[in-house]
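Below you'll find the structure, written out as structure tokens, and then a few comments.
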Amino acid sequence: MTRENDLWNRLNLEHENRESYRLALEFGCDYFDKRREQSVYPSAEALTALAAFDEKLPDHPMPAGAVLSQLHELGSPATTTQGGGRYFGFVNGGILPAALAARLLADFWDQNAALEVMSPIAAKLEATCERWLVDLFALPSDSAAGLVSGTSTATLCGLLAGRNALLRRIGWDVSEKGLFGAPRLRVVMSEAAHATVRKALAVLGIGAEQIEIVPVDEQGRCDPSQLPALDERTLLILQAGNVNSGAFDPFIPLCGAARAADAWVHIDGAFGLWARACQATAHLTAGIELADSWSVDAHKTLNSPYDCGVILCRDRGALVSALQASDAYIHFGDGRDGMLYTLEMSRRARGVELWAALKSLGRSGIDQLVAQLCRRARQFAAELRMNDFRVLNDVVFNQVLVACDSPDLTAETLGRLQASGECWCGGSEWRGETVIRISVCSWATTEEDVQRSVAAFIAAREQARASSA
Ligand SMILES: *Cc1c(COP(=O)(O)O)cnc(C)c1O
């Protein structure tokens, strides 16, 4: 028998005996069973053990079950426990059961969502998600959605569509003429714009010196009274959900001014756009329907698995024409060809788990999920205040910024908190001050989780005080 047959037989046997698939499910479920007790951040031992991965590429095949066992043994303890309810770092979501389950099934399908002809089911679910999201966010009814890896890419796609559309309106077709020698566009954005917005602009050929910055108020909201005069050559970039404070820009005056000037407005709503889908918070997003494009993540507030971001665009043609690619062998379908709405061609079918997340929650479930995250954030703020921590922002959504009596004490408390394994928060700077940054993003966070985390804050501050005494 040839070596080639050896490999085929081995792979086929592994496929048929299902051992590695059963193991994956068993390991995964065991992992979830322990998620509430496991340290929220990996222990020093678990991190040291990762050195086992520094081996050289094996010369020969190895059974799938053995590969998976190593992964579980060394990998699972070295994860941050995001699903356990006490991870509050960055803006990282949890994971919904139906979305995880759908993802597992879709992984067996292994579909390429580039074209309808490659995967009719992926195309159908993408189209369904587009319809549902446009409706849920109450955006102009013909708006298009592209499913991308996250808001970084979504913002890039939105700004690309906007840049090309503004130039086309003044007679310059970027696809034909390129950017060298093109009429100059203006970019106006908030001082508090996310790092990925600056990155997207850099990728698009717009440098930091070319950006007109609008100052923000004490909550991190773009100040409309300081907006420069806009015109038909302007890209205006706003945000729904400041990455530190969670604040929302005042969209009605800002988008209104942009529409009157025929400027293009892009809104970075990575986690905050979901406020629109919740009765208690929808007012924060009033006026976003006046914008031209919106970026949002499903892997944050919605608790869909990584990676899933969405670019929404009022003008379908502007998005599609900016992202076009064609060749004789690329067969477009009658339905939806996902690659027309994104940068990539081959892409995983992330619409499957997005669909499952939306379908399993429904309108009222999404409303409750968002409301619950906000409630836990307010609880966090109230309990921390009662224990003499300073909360520096108005807690309008899921973000809380906390400080102790001095910058040193704040930094030391954060270090102790992170080492405690009880909960995990990141640090940041807010209006020149060192802060601990709390982001409540997981459905799994309970009232008790917040209480336990506040107790961990108090213990960490005590240790910090003792160490400096
Ligand atoms: C997370 C985030 C981004 C970047 O999104 P990715 O999904 O990580 O690419 C951009 N803007 C804001 C406000 C964010 O919170």
Side-chain angles (χ1 to χ4, degrees), residues 80 82 87-95 99 133 137 145-160 187 189-204 211 214 216 219-222 235-249 251 265-276 281 284-285 288 291 293-312 342-344 347-348 350 353-354 357 370 373-374 377 393 396-401 425-430 435 437-442:
T80 47
Q82 300 208 140
Y87 185 88
F88 306 108
F90 305 94
V91 187
N92 289 358
I95 191 165
L133 289 174
F137 294 137
L147 301 191
V148 295
S149 59
T151 289
S152 303
T153 310
T155 298
L156 179 62
C157 293
L159 296 178
L160 185 63
V187 174
M189 73 179 194
S190 143
E191 187 185 349
H194 193 265
T196 55
V197 172
R198 292 170 199 273
K199 180 170 175 168
L201 289 169
V203 172
L204 291 172
I211 303 170
V214 186
V216 295
Q219 296 298 324
R221 293 173 296 220
C222 200
L235 283 167
L236 174 66
I237 307 170
L238 305 175
Q239 66 184 348
N242 177 295
V243 80
N244 284 310
S245 69
F248 292 69
D249 286 338
F251 300 111
V265 185
H266 178 81
I267 296 178
D268 172 3
F271 63 95
L273 208 68
W274 295 100
R276 183 86 159 173
T281 52
L284 296 166
T285 65
I288 64 160
S293 54
W294 307 262
S295 40
V296 62
D297 276 323
H299 57 224
K300 291 179 177 168
T301 314
L302 183 65
N303 284 221
S304 201
Y306 287 99
D307 44 14
C308 189
V310 188
I311 173 61
L312 292 144
T342 64
L343 291 167
E344 306 92 348
R347 30 205 284 283
R348 66 181 199 84
R350 46 177 69 91
E353 66 260 18
L354 176 55
V370 176
L373 300 179
C374 299
N393 62 317
V396 295
F397 203 55
N398 68 328
Q399 303 288 117
V400 188
L401 301 174
C425 300
S428 188
E429 224 178 74
W430 180 247
V435 293
R437 186 170 165 284
I438 298 169
S439 182
V440 185
C441 290
S442 172

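Indexing begins at 1, ligand by ligand and atom by atom, following the structure's order.
Considering all non-hydrogen atoms of both residues, Ala145 and Val310 come closest at CB-CG1, 3.9 Å. Across Ala298 and Trp274, no two heavy atoms sit closer than the pair CA-CZ2, 4.1 Å. In terms of heavy atoms, Leu238 sits closest to Cys222 at CD2-SG, 4.3 Å.
Ligand 1 has a nitrogen or oxygen under 3.5 angstrom from a nitrogen or oxygen of Thr151.
Residue Gly241 places a heavy atom under 4.0 Å from ligand 1.
From the protein, the heavy atom lying nearest to atom 11 (N) of ligand 1 is Asp268 OD2, 2.7 Å. Of the protein's non-hydrogen atoms, the one nearest atom 2 (C) of ligand 1 is Lys300 NZ, 2.3 Å. At the top of the distance list for atom 9 (O) of ligand 1, counting protein heavy atoms only, stands Ser152 OG, 2.6 Å. Regarding atom 7 (O) of ligand 1, its nearest protein heavy-atom neighbour is Asp297 OD2, 2.7 Å.
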Legend entry - Worked check of side-chain hydrogen bond (donor to acceptor under 3.5 Å, both in side chains) between His266 and Ser293: CA-CA 5 Å; His266 178 81; Ser293 54; 2.8 Å; yes
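Atoms of ligand 1 lying under 4.0 Å from any heavy atom of His299, numbered from 1 in the order shown and given with element: 7 (O). Set against the non-hydrogen atoms of His194, the atoms of ligand 1 under 4.0 Å away are 2 (C), 3 (C), 4 (C), 10 (C), 11 (N), 12 (C), 13 (C), 14 (C). Which parts of ligand 1 touch Ala270 is read off a 4.0 Å heavy-atom cut-off, strictly below it: atoms 2 (C), 3 (C), 10 (C), 11 (N), 12 (C), 13 (C), 14 (C), 15 (O). With ligand atoms numbered from 1 in the order given, ligand 1 contributes 15 (O) to contacts under 4.0 Å with heavy atoms of Phe271.
Counting heavy atoms under 4.0 Å from ligand 1, residue Val243 touches it through the side chain alone.
At least one donor-acceptor pair closer than 3.5 Å links the side chain of Asp249 to the backbone N or O of Gln239.
Aromatic ring orientation, Phe397 versus Phe248: perpendicular (interplanar angle above 60°, classes split at 30° and 60°).
In this view, Arg348 and Asp307, Glu353 satisfy the salt bridge (charged side-chain N to carboxylate O under 4.0 Å, His left out) rule, not counting sequence neighbours.
For the residue pair Gln399 and Ser245, no side-chain donor N or O sits within less than 3.5 Å of a side-chain acceptor on the partner.
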